[in-house]
Participant: 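Supplied in structure tokens, the structure appears directly below.
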Amino acid sequence: MRLVVVGNGMAGSRLVSEVRARDPHIRITVFGAETCQPYNRVLLSNVLAGSSRPDQVRLLDASWYAAHDVEAVFGDAVAHLDRETRHVVTASGRREPYDLLVLATGSDAVVPPIPGVGRAVPFRTLDDCERILGAAEHARRAVVVGGGLLGIEAARGLAGRGLPVTLLHLAGHLMERQLDVEAGQVLGETLAGLGVDIRTGVTAEAVLEDGVRLAGGELVAADLVVLACGVRPVTGLAAEAGLEVRRGVVVDDELRTDDPSIFAIGECAEHDGTVYGLVAPAWEQAAVAADVITGGKALYRGSRLVTRLKARSVELAAMGETHLTEEHAEVVRFSHRARGTYRKLVIRDGRLVGAILLGESDAVGTLTQLFDRGGPVPGDRAGLLFPGLSQAPVADSPTLMPDAAKVCQCNNVTKGQIRACWEAGARDVAGVAAATRATTGCGTCRDAVEGIVGWLCEQEGISV
């Protein structure tokens with residue numbers, strides 16, 4: 001059987017590795033529009049901040065493809081799908097036959113149609129990141145347009161390099177999709193304390209040589225302008241081929257499109273009315289599609305989303321229905337704005353359906369598990385927000401954490417799996433990552449994995 005994968009980003013590269021792990025013989029060809037090896041887009045903010053080098057965020061290298069008999073084609077984007085003859089046609093004119101096809105085309109950065117926008121740099125790809133870093137070396141001031149997850153990470157990364165940064169955001173508070181008003185305000189105050197000037201409720205009207213002009217005429221001075229205005233699923237190939245497309249390429253529970261020989265996964269796919277923009281759902285979809293492609297039975301039922309902000313000195317996790325009010329749910333909250341702390345639980349029918357944790361918190365592990373499992377919430381609500389006040393076990397403690405507790409949300413890795421691979425000989429985080437992929441997604445579970453590995457080594461008297 002011939003499998004062709006269109007897109008070699010985080011979803012496509014994971015799908016290829018998942019299929020090969022299940023079937024050593026299926027013929028696989030993967031096409032990537034970018035000229036470089038696949039990389040972890042989630043960690044680009046670390047590259048921008050200087051805490052990671054570009055080579056440290058690679059997912060698969062050339063030697064992996066050769067060792068696993070996978071043909072990878074870089075820098076030759078697929079331009080046309082011929083469903084009648086079951087071929088893909090690339091920009092260079094190559095025609096590749098397929099029996100099954102997977103679309104993993106991802107998303108493109110949204111670029112607002114305003115005068116002078118060509119002077120700005122989107123923050124989406126590794127090339128974008130390197131362009132921003134090159135410009136930052138000579139810039140005196142930067143402006144970031146967009147106060148969502150990527151915009152905040154970009155602004156914090158540039159500020160951490162000593163560059164004065166102004167963050168412009170159209171909505172009334174930051175990360176309005178994930179955060180309520182007060183949480184957005186506390187986050188803005190935290191970022192302001194770290195050197196980022198926050199301007200919300202403003203509209204960028206034009207990008208000029210000396211900055212960004214706002215609606216009303218005000219000029220925000222800058223010689224580097226970064227765009228983080230959201231993303232849009234890449235669906236042109238599918239639409240041109242006559243596949244059903246709404247916001248994304250419409251798929252069923254097997255991740256198949258309305259053509260049963262074509263699948264779609266990741267940010268370009270729309271399942272049950274939802275397009276997911278985070279890595280964990282894309283990787284869950286890749287595992288389901290790989291099962292189906294290799295003859296197994298699996299269904300994708302949607303993903304429970306946990307958003308983590310990866311910005312130095314800013315701790316934030318948001319999950320589920322964070323905007324529900326007391327009219328529709330039980331809401332428990334604590335705010336200490338002077339310390340940059342905001343915690344909120346949203347409970348409905350005795351179960352946690354949403355939470356916001358801003359500022360240092362030892363409750364993240366416990367609440368993420370409760371949300372992910374949909375289990376009943378303990379009666380001690382204060383103990384959930386402040387585990388140290390309660391006698392209940394703290395899930396972040398390696399000693400008390402049950403083996404079923406999920407440590408790595410991106411890759412669905414439990415403490416029990418980490419223990420098993422430690423017992424099989426993995427004595428450090430790198431070994432655990434190689435065996436389970438824990439820490440290779442957003443990276444926020446690294447401290448927890450280190451703690452578990454260190455605790456296991458300590459129990460056995462092993463020095464590492």
Side-chain angles (χ1 to χ4, degrees), residues 149 175 178-180 182-187 189-190 278 280 304-324 326 329-410 412-415 418 438-439 441-452 454-455:
L149 199 63
M175 290 182 65
Q178 296 89 5
L179 305 183
D180 61 18
E182 187 171 4
Q185 291 171 343
V186 175
L187 176 58
E189 292 162 3
T190 299
L278 297 175
R304 297 173 71 81
L305 298 182
V306 179
T307 301
R308 310 273 310 243
L309 181 64
K310 298 166 299 304
R312 193 170 59 198
S313 304
V314 185
E315 299 288 335
L316 170 65
M319 60 200 82
E321 302 177 66
T322 57
H323 293 285
L324 291 181
E326 284 83 352
E330 176 189 350
V331 178
V332 184
R333 62 164 61 86
F334 171 82
S335 178
H336 188 178
R337 295 178 71 150
R339 294 287 301 273
T341 299
Y342 181 83
R343 303 179 187 183
K344 177 180 180 179
L345 306 180
V346 182
I347 301 165
R348 189 170 55 197
D349 298 327
R351 283 169 168 73
L352 185 70
V353 297
I356 299 172
L357 297 167
L358 176 59
E360 289 188 15
S361 174
D362 52 3
V364 174
T366 300
L367 293 175
T368 301
Q369 290 168 40
L370 274 174
F371 173 71
D372 188 61
R373 295 175 186 170
V377 175
D380 181 11
R381 310 303 203 227
L384 282 176
L385 284 181
F386 303 96
L389 300 179
S390 171
Q391 298 304 310
V394 179
D396 289 292
S397 166
T399 308
L400 299 173
M401 186 186 296
D403 275 356
K406 190 182 295 186
V407 177
C408 177
Q409 295 293 322
C410 295
N412 198 30
V413 181
T414 65
K415 177 194 171 186
I418 295 173
T439 76
C442 71
T444 52
C445 65
R446 185 178 182 87
D447 288 347
V449 174
E450 284 181 345
I452 292 169
W455 170 69

Participant: Not counting sequence neighbours, which residues clear salt bridge (Lys or Arg N to Asp or Glu O under 4.0 Å) with Glu326? List them please.
Facilitator: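 Here the qualifying residues are Arg333.
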
Participant: Would you indicate whether the side-chain heavy atoms of Leu309 and Leu187 approach each other to under 4.5 Å?
Facilitator: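 Contact flag for Leu187/Leu309 side chains = yes.
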
Participant: How long is the gap from CD on Glu330 to CG on Asp349, to the nearest 0.5 Å?
Facilitator: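 Result: 11.0 Å between the selected atoms.
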
Participant: What residue pairs, at least two apart or across chains, pass salt bridge (Lys or Arg N to Asp or Glu O under 4.0 Å) with a residue in residues 334-343?
Facilitator: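 Salt bridge (Lys or Arg N to Asp or Glu O under 4.0 Å) check on residues 334-343 returns Glu189-Arg337.
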
Participant: Between Cys408 and Val449, is there a side-chain heavy-atom distance shorter than 4.5 Å?
Facilitator: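 Of all side-chain heavy-atom pairs linking Cys408 with Val449, none is under 4.5 Å.
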
Participant: Could you tell me which non-hydrogen atom of Pro376 sits nearest to which non-hydrogen atom of Leu370, and how far apart they are?
Facilitator: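 Nearest heavy atoms, Pro376 then Leu370: O-CD2, 3.6 Å.
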
Participant: How long is the gap from CD on Glu360 to OG1 on Thr341, to the nearest 0.5 Å?
Facilitator: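 Going from CD on Glu360 over to OG1 on Thr341, the span is 8.0 Å.
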
Participant: Just by modelled atom types, is the Gly374 backbone N or O under 3.5 Å from a matching donor or acceptor in the Arg351 side chain?
Facilitator: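 Looks like yes, one N/O pair under 3.5 Å.
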
Participant: So Asp180 and Tyr342, do their side chains get closer than 4.5 Å, heavy atoms only?
Facilitator: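 Yes. Closest side-chain heavy atoms under 4.5 Å.
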
Participant: Please name the pair of heavy atoms, one in Val407 and one in Cys445, separated by the smallest distance, quoted to 0.1 Å.
Facilitator: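 Here Val407 and Cys445 meet closest at O-CB, 3.4 Å.
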
Participant: Taking only residues two or more places apart in sequence, or in another chain, which ones meet Glu182 in a salt bridge (Lys or Arg N to Asp or Glu O under 4.0 Å)?
Facilitator: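 Salt bridge (Lys or Arg N to Asp or Glu O under 4.0 Å) check on Glu182 returns nothing, list empty.
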
Participant: The criterion is side chain to side chain donor-acceptor pair (under 3.5 Å); which residues satisfy it with Asn412, sequence neighbours excluded?
Facilitator: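 Listed in chain order: Lys406.
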
Participant: Please identify each residue that fulfils side chain to side chain donor-acceptor pair (under 3.5 Å) with Arg446, with sequence neighbours left out.
Facilitator: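 Scan of Arg446 (side chain to side chain donor-acceptor pair (under 3.5 Å), adjacent residues dropped) gives Glu450.
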
Participant: For residues Met319 and Leu367, report the shortest heavy-atom separation together with the two atoms involved.
Facilitator: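 Answer, listing the atom of Met319 first, then Leu367: SD-O, 4.0 Å.
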
Participant: Among Leu179, Val353, Ile356, exactly one meets side-chain contact (heavy atoms from CB on, under 4.5 Å) together with Thr322. Which residue is that?
Facilitator: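 So, applying the side-chain contact (heavy atoms from CB on, under 4.5 Å) to Thr322 and each of Leu179, Val353, Ile356, only Ile356 qualifies.
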
Participant: With sequence neighbours excluded, what pairs up with Thr307 under the side chain to side chain donor-acceptor pair (under 3.5 Å) test?
Facilitator: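 Here no residue qualifies.
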
Participant: Testing the basics here: between Ala317 and Val364, what is the closest heavy-atom pair and its distance to 0.1 Å?
Facilitator: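 Scanning both residues completely, I find the closest heavy atoms to be CB-CG1, 4.5 Å.
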
Participant: Quick one: OG1 on Thr368 to CZ on Arg304, what's the gap to the nearest 0.5 Å?
Facilitator: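 The CZ atom of Arg304 is 11.0 Å from OG1 of Thr368, to the nearest 0.5 Å.
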
Participant: Below 4.5 Å, heavy atoms only, C-beta onward: do Leu352 and Val377 meet side chain to side chain?
Facilitator: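 Yes. Closest side-chain heavy atoms under 4.5 Å.
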
Participant: Could you tell me which non-hydrogen atom of Lys344 sits nearest to which non-hydrogen atom of Leu385, and how far apart they are?
Facilitator: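 Closest pair (atom of Lys344, atom of Leu385, distance): N-CD2, 4.4 Å.
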
Participant: Considering only heavy atoms from C-beta outward, does the side chain of Met175 approach that of Leu316 to under 4.5 Å?
Facilitator: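 In short, these two side chains touch, coming nearer than 4.5 Å.
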
Participant: Say whether, by atom type as modelled, one donor and one acceptor occur between the side chain of Lys415 and the main chain of Ile452 under 3.5 angstrom.
Facilitator: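 No; zero donor-acceptor contacts below 3.5 Å.
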
Participant: With side chains defined as the heavy atoms from C-beta onward, is the minimum distance between Ile418 and Val413 less than 4.5 Å?
Facilitator: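 The answer is yes; the side chains approach within 4.5 Å.
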
Participant: Decide yes or no for Arg381 and Ile347: does some side-chain heavy atom of the first lie under 4.5 Å from some side-chain heavy atom of the second?
Facilitator: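 Sidechains of Ile347 and Arg381: in contact.
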
Participant: Looking at Phe371 and Leu305, what are the two nearest heavy atoms and their distance?
Facilitator: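 Result for this residue pair: CE2-O, 3.6 Å.
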
